[in-house]
Amino acid sequence: MIPISTIRENPEKVINRLTIKNIDAKSAILQIIALDDVRKETQRNMDDLLAQTNNLAKEIGILFKSGKKEEADALKQKNTDLKEQAKALEQKLEETQTKLQSVLVQLPNLPHESVPSGKSAADNIIVKQAGEMPVLQPDAMPHWDIATKFDLISFDMGSKVTGAGFPFYKGQGARLQRALINFFLDEAIAAGYHEIQPPLLINEDSGYGTGQLPDKEGQMYHIGIDNLYLIPTAEVPVTNLYRNLILQKSDLPIKNVAYSNCFRREAGSYGKDVRGLNRLHQFDKVEIVQIANPSDSYAILDTMIEHVAGLLAKLELPYRILRLCGGDMSFTSALTFDFEVWSAAQERWLEVSSVSNFENFQANRMKLRFKDDSGKTQLAHTLNGSALALPRIVAALLENNQQGDQVRIPHALRAYTGYDYISLPKV
RNA sequence: GGAGAGAUGGCAGAGUGGUCGAUUGCGGCGGUCUUGAAAACCGUUGACCCUCACGGGUCCGGGGGUUCGAAUCCCUCUCUCUCCGCCA
């Protein structure tokens with residue numbers, strides 16, 4: 001949520017910035033300012049009345065003690081009347097605030113100055129490409145066929161037991177998953193992140209705090225009987241840990257890493273996008289999350305990008321980094337870089353990480369603040385990034401490293417997998 | 001799931017209808033003393049809203065109610081603890 005102070009300070013700038021995200025916010029901004037004016041005036045009037053009732057109540061107390069009952073009774077009536085007026089104002093104040101909130105909540109975060117304009121993924125800017133694209137043999141297979149050939153993953157079993165998009169990992173495939181999770185966690189810990197194991201279910205307040213609610217209600221699995229949501233990413237619990245906290249400046253930056261299962265309904269996806277591991281309803285991901293001093297957050301974003309790039313280099317995967325354009329950025333983000341790996345058999349780039357600075361957008365929603373040098377509380381910045389999401393990494397590893405009857409494992413992973421090559425299952 | 005107890009400021013812990021935003025202790029910060037430190041002593045120490053400011057208002061787990069007046073009484077929700085049951 002954009003702080004209302006930001007809007008009041010420079011409404012024109014806010015409107016201009018939001019055009020980068022292809023939003024015409026003019027009427028919303030004007031409405032917000034008008035509602036905020038009403039809010040202030042109503043509050044002022046209500047406070048005046050309440051001050052009067054407070055004073056009267058004290059007087060009545062004193063009168064009672066000194067036995068002047070009639071005078072006290074007269075004041076009582078007066079105070080009841082004042083109280084009723086105050087009540088009416090309180091109601092108006094609440095209505096105004098609710099309305100104000102509902103407009104504010106619908107505004108996406110302001111994009112950073114460096115965000116290019118654009119309508120869709122086609123307008124993203126490639127800022128870096130690294131690694132060698134492998135040349136495959138003519139009989140090379142897409143990863144879903146490799147997974148079957150080496151008995152690594154069963155999509156059919158998942159469909160039977162749960163539904164499409166919930167695969168079973170088996171044998172060397174399961175081991176590969178575990179290897180990647182441990183590799184990613186160890187790399188993050190070596191980079192100074194603190195490991196967290198979060199709950200996989202979150203409540204409504206948490207969904208609201210990081211911005212999934214109310215914006216993306218339909219994308220999360222909802223447990224109606226307990227009103228809980230399955231997490232779409234560890235970002236939600238790990239960031240909400242700090243909801244409603246006032247941290248010390250010396251606490252920052254906070255660097256956490258969490259492995260979790262992620263659950264996404266992915267309503268409306270179809271075709272080759274969802275083939276094999278390309279898009280799942282349940283998948284594994286290691287997420288890095290930082291809570292930062294605003295003055296440091298963009299430098300921190302750079303370190304997170306370097307961290308993710310380092311992982312891909314160690315996995316020997318060709319990748320590219322995209323600076324997302326306004327039209328392709330998420331609701332909550334101020335600046336996002338996506339990482340894509342080359343999936344050689346499918347001959348397409350697959351998104352495996354998204355690294356974002358949310359500035360104070362999430363912090364404002366969840367009242368995450370810190371005390372600065374002058375002892376004032378101010379909103380912190382939040383950042384996160386996938387480091388990394390597993391399924392598409394597995395897809396690229398399998399496709400890029402296939403060598404007939406075996407699949408080569410990159411050196412960095414071998415200590416974790418316990419095997420150097422995936423081999424055909426023993427019959 | 002059943003029975004009971006509880007939720008107060010960074011922490012501990014008073015406060016059961018009237019100048020209580022809240023006694024006190026610890027911790028934190030500032031000062032006196034000291035070559036320095038400790039001890040002792042003095043002072044200070046929550047968040048949010050309105051206001052240029054003075055000042056005013058709100059907040060004692062969340063929400064609602066009673067009352068002229070609520071941290072204190074009532075209702076409700078959430079959470080914590082103890083005992084019983086079940087259980088990885």
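Below, read A as the first sequence line, B as the second, and so on, with proteins coming before strands; counting in each chain starts at 1. Quick caveat: nothing in here was measured; it's all calculated off a predicted structure. Excluded from the calculations below are hydrogen atoms, water molecules and symmetry mates; all remaining heavy atoms, backbone and side chain alike, are included.
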Taking a pair to mean Watson-Crick or G-U wobble geometry with both distances below 3.5 Å, C54(B) pairs with none
Between Arg243(A) and Ser206(A), does any side-chain donor sit less than 3.5 Å from a side-chain acceptor? yes
Do Tyr298(A) and His381(A) make the cut of ring centroids closer than 6.0 angstrom? no
Complementary nucleotide for C87(B) - Watson-Crick or wobble, under 3.5 Å: none
Would you kindly compare Thr53(A) and Arg369(A) by the position of their nearest RNA chain B nucleotide and give the one closer to the 5′ end? Arg369(A)
Short side-chain N/O contact from Lys371(A) to OP1 or OP2 of A47(B), under 4.0 Å: yes
Listing request: all ring-ring contact (aromatic ring centres under 6.0 Å, His included) pairs with a residue in residues 232-266 of chain A, at least two apart in sequence or in separate chains. none
Would you kindly give the CG-to-P distance between Leu50(A) and C68(B), to the nearest whole Å? 16 Å
Using whole Å, report how far NZ of Lys367(A) lies from C1' of C59(B). 15 Å
Can you tell me the distance, in whole Å, between the CG atom of Asp37(A) and the C1' atom of U51(B)? 15 Å
Separation between the C1' atoms of G61(B) and U8(B), rounded to whole Å: 10 Å
With nearest nucleotide decided by heavy atoms, which residue, Gln43(A) or Leu56(A), maps closer to the 5′ end of RNA chain B? Gln43(A)
Within the pair Thr377(A) and C48(B), is there a side-chain N or O less than 4.0 Å away from OP1 or OP2? yes
Looking only at atom P, what distance separates C50(B) and C75(B), rounded to whole Å? 37 Å
Distance in angstrom units between Leu100(A) CG and C49(B) C1', rounded: 13 Å
Counting Watson-Crick and G-U wobble pairs only, both distances under 3.5 Å, name the nucleotide matched with U32(B), or none. A40(B)
Partner of U72(B) under the Watson-Crick or G-U wobble criteria, both distances under 3.5 Å, comes out as none
Side-chain contact check for Asn54(A): nearest option of U51(B), U19(B), U58(B) is U58(B)
Sticking with atom P, work out how far C29(B) lies from G62(B), rounded to a whole angstrom. 30 Å
Please report the distance separating the C1' of A71(B) from the corresponding atom of C20(B), rounded so that it comes out in whole Å. 8 Å
U67(B) to C74(B) separation - C1' atoms, rounded to the nearest Å: 12 Å
Quick one: do the Glu359(A) and Asn109(A) side chains pair a donor with an acceptor below 3.5 Å? no
In plain terms, say whether Lys314(A) and Glu187(A) are close enough for a salt bridge, that is, a side-chain N and a carboxylate O under 4.0 Å apart. yes
For Asp73(A) and G69(B), what is the distance between atoms CG and P respectively, to the nearest whole Å? 14 Å
Kindly say if Arg44(A) contacts the phosphate of C49(B), meaning a side-chain N or O under 4.0 Å from OP1 or OP2. no
Quick one: Asn45(A) CG to U51(B) C1', roughly how many Å, whole number? 13 Å
Residue Asp47(A), side-chain heavy atoms: nucleotide from U51(B), C68(B), C49(B) that is nearest: C49(B)
Against Tyr229(A), only a single residue in Glu204(A), Gln219(A), Glu217(A), Gln212(A) fulfils side chain to side chain donor-acceptor pair (under 3.5 Å); can you say which? Glu217(A)
Does C50(B) have its OP1 or OP2 closer than 4.0 Å to a side-chain nitrogen or oxygen of Arg39(A)? yes
Whole-Å gap separating C1' (U19(B)) and CG (Leu63(A)): 14 Å
Residue matched to G27(B) through Watson-Crick or wobble contacts both under 3.5 angstrom: U45(B)
Strand partner of G21(B), provided both Watson-Crick or wobble distances fall under 3.5 Å: none
Residue matched to G4(B) through Watson-Crick or wobble contacts both under 3.5 angstrom: C81(B)
For Asn261(A) and Asp284(A), does a side-chain donor sit closer than 3.5 Å to a side-chain acceptor? yes
Could you give the NZ-to-C1' distance, from Lys92(A) to G57(B), as a whole number of Å? 17 Å
Please check the phosphate of G69(B) (OP1 and OP2 only) for any side-chain N or O of Lys83(A) closer than 4.0 Å. yes
